[in-house]
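Reminder, nothing fancy here: chain letters follow the sequence lines and each chain counts from 1.
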There are 2 protein chains.
Amino acid sequence: MRGPTIYDVATAAGVATSTVSRAFSTPSRVGAATREHVLAVAEQLGYRPNPHARALLSDHHYTVAMVVSDITNPHYFELIRGAEMRAKASEYTLVLVNAEESAHIELEQIQRLLPSVDGFVLAASRLPDENLAHLAEQRPVVLVSRELPGLPCALLDHVDGCRQIVQHLDSLGHRHLVYLAGPRSSWMATTRWSALRTAAEDAGMRADRVGPFTPKVAQGGLAADAALGTGATAFVAHNDLLAIGVLQRLQQRSVGVPADVSVVGFDDIFAADLCTPRLTTLGGAHADVGRAAVEILLKAAVRGTAGGPPVRVVLPTELRLRESTGPVR
Amino acid sequence: MRGPTIYDVATAAGVATSTVSRAFSTPSRVGAATREHVLAVAEQLGYRPNPHARALLSDHHYTVAMVVSDITNPHYFELIRGAEMRAKASEYTLVLVNAEESAHIELEQIQRLLPSVDGFVLAASRLPDENLAHLAEQRPVVLVSRELPGLPCALLDHVDGCRQIVQHLDSLGHRHLVYLAGPRSSWMATTRWSALRTAAEDAGMRADRVGPFTPKVAQGGLAADAALGTGATAFVAHNDLLAIGVLQRLQQRSVGVPADVSVVGFDDIFAADLCTPRLTTLGGAHADVGRAAVEILLKAAVRGTAGGPPVRVVLPTELRLRESTGPVR
DNA sequence: ACAACTGTGGCAAGGGGTTGTCAAAAGTTG
DNA sequence: CAACTTTTGACAACCCCTTGCCACAGTTGT
């Protein structure tokens, strides 16, 4: 079912198609009376400009794509929500793509969307740097939870967050922590580990690492067992999902939390406040990150690739203290 | 940055543009050798057909829109995930829209996308029947968690689910339940209430209703207080979010669950298995609902509106028994 | 050897808009 | 009232691709 075209409006209004077009896009080039008349006729006919015809000419699509590494992770919901809201606010459409933790799928989907979106928000992209750089030459790209010199990004301040975590653990008397690492291709996993290690070093605390693990509840058992093997008194899991799995395994093995070990997660997903014991976790305004990412992208899409150095939005994190951490035994 | 066009390929290959086009879309209309050659040249140039130019001609967009009434609700994530996967499998793009519980926004967004998508999946649409019917005349529509004679839909079998809930409560000795209702414009709220009432009647159980409530955790306090006022021993909340809020309020008021009252939710969101006490809730394969909805839509988009009566996919529900329900005091 | 096919590939129109160019209409000035 | 400036609107090309129609070359049949 096709709607009325600019021709229909032109005929009905008794003017040329170009006049109709200009009545919408270049009001100054059309007489006020004519313009009113055209607009009225268009309104009455229910005319809506065809976005494809427009895009064909301008290569402007009023659409942004958001690619997430794993849509299954509840943490992304907030991010997606923020992005969706920001896009809608500017009358942009948000296309959602799930990369299923695969660089291959991610790249393929991006290629497919390349000609029909104005830019990409890549959340926790698993793509190698070269691919990202190459992509950025073709369309504006904003990274989320990842950094690459030269590209704009939006993320939470995990370096400071890791410092908060270590400080918190330190104040509880912990002298030995272990990081339950995320996937090898995850930039975040690398960043968190290095930030934790640095902070631990500064505090004179020992820091070990086990993993990598796929950050899902189901992997928590494996991660917990590996972490117990290190003898650490504090477990810092790559994210809340993994942390919750760890909690479950520890309960199964009758290891008290926080009596025997303390557990910390990342993301502060909804469930972190409901599990038992409630999870101490590094939270932040994820929706704002999504919002910021789209915002940067829209600006870039309008201005073109020009402009100064790429924007880098870093939002603060805050440690949400709950019952999964306590003084060392 | 614009990619190579069919003209570039034609020139490079020394053939007419129509030949290039046919080499891709109508292989039988082109000689095998020519075709190979064209394909090779296109590949080498990195040619990708422009989807807009295509859409302009065919009104076929390889895109479906999914509109959810409230993207904040974790329950939708499964649905979105299933829909995204199914769309991707057929090389379709999924556009995500959040209606923010507003029929007005919902309609506006739909209008905006009308010319550029092949169809709509409307999840828990708040739109009045007339709007839906009118929309369905313009584009294929599949409803989720809602029914309207004449339109295809995908949903969980809540009528049977409510029966399971009542049966479960009955077997625990409950003689009086109360339904903590969802929003007035929610078809699901109406359906659940009527199914619960019928099932309760059959079991000789008294059924009350309080509400409506916005189904969020924050509303749980209000809902719990209202429900306590009825004297019922079993609370059936419109969804898990509301149920979790109820649980929190009951704990606050020192009402034992399940010692004093039993609580049941709907959806079986991830958090339902983690809260305290763990929530008995009516679960189902929500991702499969999303998958099915897109599947129906794609079939409709290909076949046109023709075909027999609209498809109606009803997936089974199952009551997940946990600790929030128990024998009546 | 000629007619009748069949398989290929080219031409050109069209899908819905935008926009540079230009002519006609309207308004201004002396 | 002529000469000139400013509005206003029409024409046509272009964005990229698809497709109906036609022409041509090569086959086959008689």
Winner on side-chain proximity to A:A16, out of D:dA10, D:dC17, C:dT19, is D:dA10

Choosing from C:dG17, D:dA10, D:dC16, which nucleotide comes nearest the side chain of B:N50? D:dC16

Given atom CZ of A:R48 and atom C1' of C:dG17, what is their separation to the nearest angstrom? 16 Å

Mind calculating the distance between NE2 (B:H52) and P (D:dC16) to the nearest angstrom? 12 Å

Heavy atoms under 4.0 Å, any strand shown: does A:F24 hit a base, just sugar-phosphate, or nothing? nothing

Hey, which of these two, A:T17 or B:P4, hits DNA chain D nearer its 5' end, going by closest nucleotide? A:T17

Which of these nucleotides, C:dT8, C:dT18, D:dC21, is closest to any side-chain atom of B:T34? C:dT8

Is there a donor in the side chain of B:Y76 and an acceptor in the side chain of B:S69, or the other way round, less than 3.5 Å apart? yes

Rounding to an integer number of Å, can you tell me how far A:L56 CG sits from C:dT18 P? 11 Å

Distance in angstrom units between A:R54 CZ and C:dT19 C1', rounded: 13 Å

Winner on side-chain proximity to A:V15, out of D:dC17, D:dA10, C:dG9, is D:dA10

Quick note, B:S18 side chain, CB onward, closest among D:dC17, C:dC11, C:dG17 is C:dC11

NA contact type, A:S21, heavy-atom cut-off 4.0 Å: base, sugar-phosphate, or nothing? base

To the nearest 0.5 Å, atom CD1 of A:I110 lies from atom CG of A:L122 at 5.0 Å

D:dC15 base to B:Y7 side chain: any donor-acceptor pair below 3.5 Å? no

Grab the CZ-P distance between A:R22 and C:dG20 for me, whole Å please. 9 Å

Please tell me which of the listed nucleotides, C:dG10, D:dG9, C:dG14, lies nearest to the side chain of B:L57? C:dG14

So what is the end-to-end bend of the helix from C:dA1-D:dT30 to C:dG30-D:dC1, with 5 pairs used at each end and the value given to 10 degrees? 40°

State which residue, out of A:V15, A:T5, A:D8, fulfils the side-chain contact (heavy atoms from CB on, under 4.5 Å) condition with A:V20. A:V15

